Every structure is written in structure tokens, then in C-alpha cells.
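This report refers to the structure that appears directly beneath it.
The chains referred to below are lettered A, B, ... by the order of the sequence lines, with proteins before strands, and numbering in each begins at 1. Below, each value reflects all heavy atoms present in this structure, side chains not excepted, and no hydrogens, waters or symmetry copies. For clarity, every value in this text was computed on a predicted model and none was experimentally measured.
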2 protein chains.
Amino acid sequence: MHDAISILRNLGVQPTPQRIAVIDCVLHNHSHPTAEQLLKAARQQCPTVSRATVYNTLNLLVAKGLIRTQLLREGVVVFDPNLERHHHFIDEETGEIHDIPWEYLGVSGGSNLKDFHIRDYQVILRGRKKQE
Amino acid sequence: MHDAISILRNLGVQPTPQRIAVIDCVLHNHSHPTAEQLLKAARQQCPTVSRATVYNTLNLLVAKGLIRTQLLREGVVVFDPNLERHHHFIDEETGEIHDIPWEYLGVSGGSNLKDFHIRDYQVILRGRKKQE
DNA sequence: GTTCGTGCAAACGGTTTGCAACAAT
DNA sequence: ATTGTTGCAAACCGTTTGCACGAAC
């Protein structure tokens, strides 16, 4: 049910090697990759993938709600296979983006926003990741 | 000290009509405009402004810390003259972006993020603005 | 043989850069 | 004369679209 072939069948499109490669890459990549990075990764698995197919497949997955795009880098769309609510930390030196579990942070004060109907929210943190 | 001419003198560049128009427009615009919107607005005041001058002037202001860019819309840079810490609400129907005062929201749980040195953060809310 | 999917290349929109003309000193 | 600034056009980058070829049914 979770493998690329089943996913593609469920979407009603043919499980071609190109699409399987794109799906394998994006579903297991939690580093918030760009389309270009996913093209490069997918070509390791299936060298004949074209840019158009990468974009088509990613946009299909987004439209069907299997992945999300996130506003985390200027001028590029980054893709996120993590559908659970979570926050993000952006390392200002490396540009790396880390998921922060939802329970780690609490946001209060929504009652101050009577004029707004809030459907969703997230915290975006910036700074440096400490070396461990 | 706050007028466009003084600002440009302080930046060490000549206060040309084109730059004055761009600065007037961006400093008084709290609707998170794009460069294209600012070009249009600046041309009302100085019809001979070119796109290049808009981008040059905006980038100069960003480099000097007089305005900021924000990651709030896909594929476009939006500019924000509000240098105080604040949060943002994005109306998912209209695309309008509203500033939320810093004190309206509280974020707790930073102690859960021992691996990160947090320099800044903000909450991004999404939903619909209620008609008043 | 009709449909679906592909890779390629061209087009597109936002941004940056190169450059020749021009204004300021 | 030298320097700084301009508008225009071309280049650029990420993304989308058009299209003819090829594979699947």
C-alpha cells in the first residue's frame, strides 16, 4: 500500500519506471528537497527521467495530497512528504531545514485574533544547529 | 531623517527622483508588495522608473537593513518595511497577508530544542479573514 | 489503433546583469 | 574627465507547456 507502484495505481496512472523513481525519492527524503534535487536523485535510480516528468509527478502528488510544498526558501519550491502538523527550523548557515515535532512547541494567544478564522499555523525558527 | 531624500543621502547614493519614488512606495506599504507591484506604484509618482532601478533600490534597502524580504508567497519575493518582530496571517482566499503584533501570540517550548541555537522565529497563520 | 506517457525544447514569469547614453560633480 | 545613475534589452533560473515519438492496452 505504501510502495510507489501501489500509490501510482491508486492515483489511476501507470506505474512507469520514471514515476516510480520520483516517488521513491520524494517519499523518503525529509530534507525538504527542490525539484532539481529530486531530478538528480531520481536519475540515479532511472537515468532517463526528464525534468518535465519530475514536475508532472510532483505536482500530481501535491494535487492528490500525498506530499506538500512549503514556503521555506526564496525563489524555489521545496517538497515535504511529512503530512503531519509540524514546525520548521532553518539553519541560517547551511540552509538546511529541519522538522520540529508539533508537540515541541506551544502557541498561545489565538483569542487575540477574533477577526481571523485560523485553519492552520506553524512556527518557523531560524538560527544555527549546534554540532553534536 | 525619515524622508526618502535623507535616507538616500545616508546610504551614500544620490537622491534621484526614481529612487525617491521607490522608497516612498515601499516604506508606506504594509501590504507586503512584490517588486512588480512596487514598480507600478512607483511609476504613478515617477513615470520613468525602470524595473532595474526598482530591483536595485529594493535590494539596496534590504542590504542596508531598512526593509526585509519575507517568505510568504510562492515564487515571488515580498517586501516588508516593518522591522519589528511580528507574525503573519495569510488569507487563503484572497492571498492578502496581514501583520500580527508580536504580543498577540506566545510561543513556548524552546527548551525542547536543545540542539538548536534560535536567533529568531515567527508564527505563520493561515485561514480566512472574517468580514467586519 | 487509440490512449497514455515520455523526453525534449520552447515558452513563461520573476529577477539579475551588461551596456551604452546621460546627468552630476 | 571622471564618476555615478539611468532605461533598455538580454540573460538567467525555476517552472510550465506544446508536441511528436514511443510504449501499453
Compare side-chain N and O positions of B:T34 against OP1 and OP2 of C:dG14 and report whether any pair is under 4.0 Å apart. no
Search all heavy atoms of A:Y121 against all heavy atoms of A:R85 and return the closest pair with its distance. CE2-NH1, 4.3 Å
Tell me the interatomic distance from A:E74, atom CD, to D:dG14, atom P, rounded to whole angstroms. 14 Å
Taking the six-membered ring of A:F116 as reference, does the cationic atom of B:R126 (NZ for Lys, CZ for Arg) lie under 6.0 Å from its centre and within 45° of its axis? no
Would you call B:E96 and B:K129 a salt bridge, using N to O less than 4.0 angstrom? no
Can you tell me how far C1' of C:dG5 sits from CG of A:L11, to the nearest Å? 15 Å
Which atom pairs link the protein and nucleotides 16-23 of chain D when you take only N or O atoms and keep those under 3.5 Å?
residue: D:dT16; atom: OP2; partner: A:N59; partner atom: ND2; Å: 3.2

Rounded to whole Å, please give me the gap between CG in A:L8 and P in D:dA24. 15 Å
Could you give the CG-to-P distance, from B:L58 to C:dG14, as a whole number of Å? 15 Å
Among the nucleotides C:dT6, D:dT15, D:dT5, whichever has the atom closest to the side chain of A:A35 is D:dT15
D:dT15 P sits how many Å from A:Q37 CD, rounded? 10 Å
May I ask you to decide if the ring planes of A:H32 and A:H88 are parallel, tilted or perpendicular, using 30° and 60° as cut-offs? perpendicular
For atom CG of A:L60 and atom P of C:dT6, their distance in whole Å: 10 Å
Have a look at B:Q18 and say if it touches a base, only the backbone sugar-phosphate, or nothing, with a 4.0 Å heavy-atom cut-off. sugar-phosphate
Starting from P on C:dA23, measure out to CZ on B:R19 and report it in whole angstrom. 16 Å
Tell me which nucleotide among D:dT6, C:dT15, D:dG14 gets nearest to the side chain of A:V76. D:dG14
Specify the closest pair of heavy atoms between A:R19 and A:T57, including all atoms of both residues, with the distance to one decimal. CG-OG1, 3.6 Å
Between A:R128 and A:E92, is the closest basic N to carboxylate O distance under 4.0 Å? no
Side chain of B:T53: nearest nucleotide among D:dT15, D:dT6, C:dG5? D:dT6
In whole angstrom, give the distance that lies between atom CG of B:L39 and atom P of C:dG13. 16 Å
Main-chain N/O of A:A41 paired to A:Q44 side chain as donor or acceptor, under 3.5 Å: no
